[in-house]
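Attaching a single structure in C-alpha cells format; questions to follow.
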Amino acid sequence: MAEYKDDLIELLHKTIEEKDAQIQELQKTIQELNITVANLNETLEEFRRKFFGTSRERAAGRVPDEEAGQEDQTEKSTVRSHTRRKPKAKREELYKNLPVREVRCPMPEDQRLCPDCDTVMETIAWQFVREELRITPAKVERIQYMQEVLACPVCREEDTGTIVKAPVPTALLAHSPASPSMAAFVMYQKFLNSVPFYRQEMDWLQMGAPLARETTSNWCIKCALTYFEPVYDRLHEYLVKRDLLHADETVCQVLHEEGRAATSTSYMCYVLSF
C-alpha cells in the first residue's frame with residue numbers, strides 16, 4: 001500500500017512538472033505575440049499617418065515651442081462665403097456647337113382641304129415641335145480616282161498621237177490605300193480615345209474593311225515620320241533659341257525656415273535654360 005502511494009505521488013509530481021513547463025511555454029508564446037501585435041499596431045499607425053494624416057516630416061505632439069507659436073499665429077480658419085449654386089445649362093446652350101438640320105413634316109395631300117368648304121389650304125408657318133440628337137455612324141468607302149486622258153483629234157489624223165492626262169491628287173502614303181481621313185481617324189482612336197490597334201481591327205472588320213493591326217500601326221508611324229517630324233523639328237529650332245525654356249514648380253516642405261511655419265507650402269523650381 002505504501003509503495004502504491006509513493007508511485008502515485010511521484011506520478012503527480014511528474015504531471016505537475018509537465019504542466020509547469022507547458023505553462024512557461026505558453027507564457028513565452030503570449031509574450032512574443034504581444035510584442036508582434038505591438039509592432040504591427042505601430043506599423044499600422046505609421047501607414048495611417050502617411051496615407052491619411054498631414055504630409056509633413058514630424059509626428060503629432062513633437063512640435064517645438066517656437067514652431068508651435070508660429071503656427072498659432074499663421075494658421076487661421078477661414079469660412080467660405082455662401083455662393084448660390086450655378087443654374088443648370090439649358091439645352092440650347094449645351095448643343096449650340098452642333099449643326100442644325102430641320103426636318104419638315106408636311107400635311108398629306110388628302111388632308112390639305114378645308115373641312116368646312118373643301119378649299120385647298122395655304123401654309124402660314126412651320127411650328128417647332130421637338131428636338132432630338134441624331135448620329136451618323138462611321139462608314140468606309142472605296143474612292144477610286146479616275147484620271148481623264150485627252151487626245152487631240154487633229155494630231156490623231158496626222159499620226160502624231162498627242163495625249164494629255166489630268167493631274168491626280170498625291171497619295172498620303174505611296175502604294176497604300178490610306179487616305180488623310182482614314183489615317184487621322186486611326187490616330188484619333190488610338191491616341192485620344194485610347195483604343196488599341198487590335199480593337200480597331202475588329203471595328204474595321206465590322207464595317208467591311210479588314211485592316212490588320214500591323215497596317216494601321218504602320219500608318220501611324222509613317223505619318224508621324226513623314227508629316228509630324230518636320231513640324232516637331234521646326235518647333236524645336238524655335239524653342240532652343242530662347243534663354244528660358246521651361247520651369248517646373250514642385251511642392252516641398254522646409255523645416256526650421258526663418259519666419260515660416262513647418263506646415264507652410266514651399267516650392268522647388270527646376271529651370272531649363274540654354
Side-chain angles (χ1 to χ4, degrees), residues 55 86 88-102 131-150 162-254 265-274:
S55 56
K86 184 179 179 180
K88 291 184 178 180
K90 295 183 179 180
R91 185 176 297 176
E92 185 66 26
E93 297 178 359
L94 293 175
Y95 306 145
K96 62 181 180 180
N97 295 325
L98 296 177
V100 179
R101 183 167 66 91
E102 292 184 356
E131 183 182 52
E132 66 183 13
L133 299 179
R134 184 176 300 178
I135 182 172
T136 302
K139 62 179 180 179
V140 184
E141 296 177 337
R142 296 175 61 187
I143 307 299
Q144 297 180 348
Y145 290 91
M146 307 300 293
Q147 186 180 36
E148 185 179 9
V149 182
L150 303 179
T162 302
I163 297 176
V164 179
K165 295 182 179 181
V168 179
T170 305
L172 180 70
L173 300 174
H175 309 291
S176 173
S179 64
S181 61
M182 198 81 165
F185 187 78
V186 170
M187 293 182 178
Y188 168 78
Q189 290 288 86
K190 170 63 177 176
F191 300 107
L192 189 63
N193 294 340
S194 302
V195 180
F197 289 120
Y198 76 92
R199 290 186 180 176
Q200 293 191 42
E201 182 179 4
M202 294 185 290
D203 291 339
W204 292 122
L205 185 60
Q206 292 179 358
M207 288 186 287
L211 292 175
R213 65 192 74 175
E214 294 83 6
T215 302
T216 52
S217 62
N218 287 333
W219 288 357
C220 293
I221 295 173
K222 292 181 179 180
C223 289
L225 295 177
T226 306
Y227 298 102
F228 295 156
E229 189 174 19
V231 179
Y232 170 83
D233 294 337
R234 190 61 174 173
L235 292 176
H236 185 265
E237 292 179 4
Y238 283 107
L239 287 176
V240 296
K241 292 180 182 179
R242 299 177 179 268
D243 297 331
L244 185 62
L245 182 60
H246 178 69
D248 180 23
E249 296 181 350
T250 303
V251 179
C252 63
Q253 182 186 13
V254 180
T265 304
S266 300
Y267 297 92
M268 183 181 299
C269 293
Y270 300 92
V271 179
L272 297 177
S273 59
F274 294 89

Which pairs pass salt bridge (charged side-chain N to carboxylate O under 4.0 Å, His left out) with one or both residues in residues 175-195, sequence neighbours excluded?
-> none
Side-chain polar contacts of residues 131-145 - donor-acceptor pairs under 3.5 angstrom, sequence neighbours left out - could you list them?
| from | atom 1 | to | atom 2 | distance (Å) |
| --- | --- | --- | --- | --- |
| E132 | OE1 | R130 | NH1 | 3.0 |
| E132 | OE2 | R134 | NH2 | 3.0 |

Which donor-acceptor pairs under 3.5 Å do side chains of residues 220-227 form with protein atoms, sequence neighbours excluded?
| from | atom 1 | to | atom 2 | distance (Å) |
| --- | --- | --- | --- | --- |
| T226 | OG1 | K222 | O | 2.7 |
| Y227 | OH | L172 | O | 2.7 |

Is the shortest side-chain N to carboxylate O distance from E93 to K96 below 4.0 Å?
-> no
pair F197-V186: side-chain heavy atoms closer than 4.5 Å | yes
With sequence neighbours excluded, residues passing side-chain contact (heavy atoms from CB on, under 4.5 Å) with V251 | T265, Y267
Please list, chain by chain and in numerical order, all residues satisfying side-chain hydrogen bond (donor to acceptor under 3.5 Å, both in side chains) with D233, sequence neighbours excluded.
-> none
So the side-chain hydrogen bond (donor to acceptor under 3.5 Å, both in side chains) pairs with at least one residue in residues 164-185 (sequence neighbours excluded) are S176-W219, S179-S181
Got a sec, which residues hit side-chain hydrogen bond (donor to acceptor under 3.5 Å, both in side chains) with T162, two or more places apart in sequence or on another chain?
-> none
What residues form a salt bridge (charged side-chain N to carboxylate O under 4.0 Å, His left out) with E102, not counting sequence neighbours?
-> R104
Tell me, please, which residues at least two apart from L205 pass side-chain contact (heavy atoms from CB on, under 4.5 Å).
-> P210
Please list all pairs passing the side-chain hydrogen bond (donor to acceptor under 3.5 Å, both in side chains) test where one or both residues lie in residues 198-215, with sequence neighbours left out.
-> E201-R213
